[in-house]
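Computed over heavy atoms, backbone and side chain alike; hydrogens, waters and symmetry mates excluded. Small disclaimer: the values here were computed from a predicted structure and weren't measured. Chain A is the first sequence line, chain B the second, and so forth, proteins listed ahead of strands; every chain is numbered from 1.
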There are 2 protein chains.
Amino acid sequence: MSQRNTVVTDQLTAPADAPSPEDCPLPEVLALIGDKWSAQVLVQLGGGPHRFTQLERAIEGISRRMLTVSLRNLERNGLITRTVYPDAPPRVEYATTSLVEDIRAPLEALSTWARHAGPVIAAARHAYDNRR
Amino acid sequence: MSQRNTVVTDQLTAPADAPSPEDCPLPEVLALIGDKWSAQVLVQLGGGPHRFTQLERAIEGISRRMLTVSLRNLERNGLITRTVYPDAPPRVEYATTSLVEDIRAPLEALSTWARHAGPVIAAARHAYDNRR
DNA sequence: CCGTATCCTCAGTGATACTG
DNA sequence: CAGTATCACTGAGGATACGG
């Protein structure tokens, strides 16, 4: 803040209105979907509305409890909708809101990156561990 | 899995080789930079190499310990380099590797989204809490 | 089918003090 | 300057059982 690098106006692939690091709300994003399951729920719902049990089966390893918690959080933050149909047996459908549309692309970019970087990272980790 | 929606081949803004949700390595990405500080460190280093204390001052609220931990993890995974200059007093510089180049864009996209979505989300949250 | 209620554990984090 | 060592805490997350 005080004297942080007088000539860092160029941000590396920075257009004109590049945000400076200090007002980067990345932590807020991570607070929303940075937990263990929320992102996966969103990805899954990207394929269209899902019912509770459908999600539970689709997302490997998630517990009933954590699915509920994640869904409630996402719903509370306006990222998904919860629709209850007055049927018997009960039927509840979850779907993403329009808010999510705009992150789908960057999120998929991250996934793509992960597929490419995965092996490289594994190698780096192995190298790091075998030093010392 | 069993009967999950036979016609979800269209992924919403999906090109030709859209990855299906089940092999989406988003969790891996989050395991890398999904913690409280790593992403911010990367963002900060996006503005060029930084020294330890420089980072400590730039990243509001981070403790010496967590900065160390985050840096070690990032280094271990090959996302940043650590260069020690044999000076007195000690001087260590951290910089991002080329691996990081390709996520900078999506990461900034997420930040931009957050700036736009922030108020909407706050409103949604308020509405949700004031129901019931 | 769609959850809630409890209990419990442990990894991530922070505070503080010390060091090459 | 650039860390490391210790301790203590918190809350995210899992297991299990129950309920509308």
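You'll find the side chain of Arg57(B) stays beyond 4.5 Å of the side chain of Phe52(B), heavy atoms only. Side-chain contact check for His50(B) versus Tyr94(B): every heavy-atom pair is 4.5 Å or farther apart. Taking 4.5 Å as the limit, every side-chain heavy atom of Leu30(B) sits out of range of all side-chain heavy atoms of Leu110(A). Put simply, the side chain of Gln54(A) does not reach to within 4.5 Å of the side chain of Gln44(A), judged on heavy atoms. With a 4.5 Å cut-off on side-chain heavy atoms, Glu75(B) and Thr81(B) do not count as touching. No side-chain heavy atom of Asp35(A) sits under 4.5 Å from any side-chain heavy atom of Val69(A).
Here the side chain of Thr96(B) pairs no donor or acceptor atom with the backbone of Ile80(B) at under 3.5 angstrom.
Put simply, Tyr94(A) has a side-chain N or O that comes within less than 4.0 Å of OP1 or OP2 on dG3(C). Taking side-chain N and O atoms only, Thr68(A) has no distance below 4.0 Å to OP1 or OP2 of dG3(C). For dG3(C), one of the phosphate oxygens OP1 or OP2 lies less than 4.0 angstrom from a side-chain nitrogen or oxygen of Arg72(A).
When heavy atoms are screened at a 4.0 angstrom cut-off, Arg91(B) is found touching the sugar-phosphate backbone but no base atom. Contacts of Arg51(B) with the nucleic acid, taken as non-hydrogen atoms under 4.0 Å apart, involve only primed sugar atoms and P, OP1 or OP2. Using a 4.0 Å heavy-atom criterion, one finds that Asp87(A) contacts no nucleic acid atom at all.
Rounded to whole Å, atom C1' of dG14(C) lies 13 Å from atom CD of Glu56(B). The distance from atom CD of Gln54(A) to atom P of dG3(C) is 13 Å, rounded to the nearest whole Å. Rounded to whole angstrom, the span from the CD atom of Glu75(A) across to the C1' atom of dC2(C) amounts to 14 Å. One can place CD1 of Ile59(B) at 16 Å from C1' of dG14(C), the figure rounded to the nearest angstrom. In this entry the distance linking CE of Met66(B) with P of dA11(C) reads 14 Å, nearest Å. The distance between atom CZ of Arg65(A) and atom P of dT4(C), rounded to the nearest whole Å, is 11 Å. Taking atom CD on Glu93(A) and atom P on dC1(C), their separation rounds to 14 Å, with Å as the unit. Atom OH of Tyr85(B) is separated from atom P of dG20(C) by 25 Å (rounded to the nearest Å).
For Val92(A), counting side-chain heavy atoms from C-beta on, the closest listed nucleotide (dG14(C), dG3(C), dC1(C)) is dG3(C).
Mapping Asp35(A) and Pro90(A) onto DNA chain D via the closest heavy atom, the residue that lands nearer the 5' end is Asp35(A).
Once you apply a 4.0 Å limit to the heavy atoms of chain A, the touched nucleotides of DNA chain D run 5' to 3' over dG13(D) to dG20(D).
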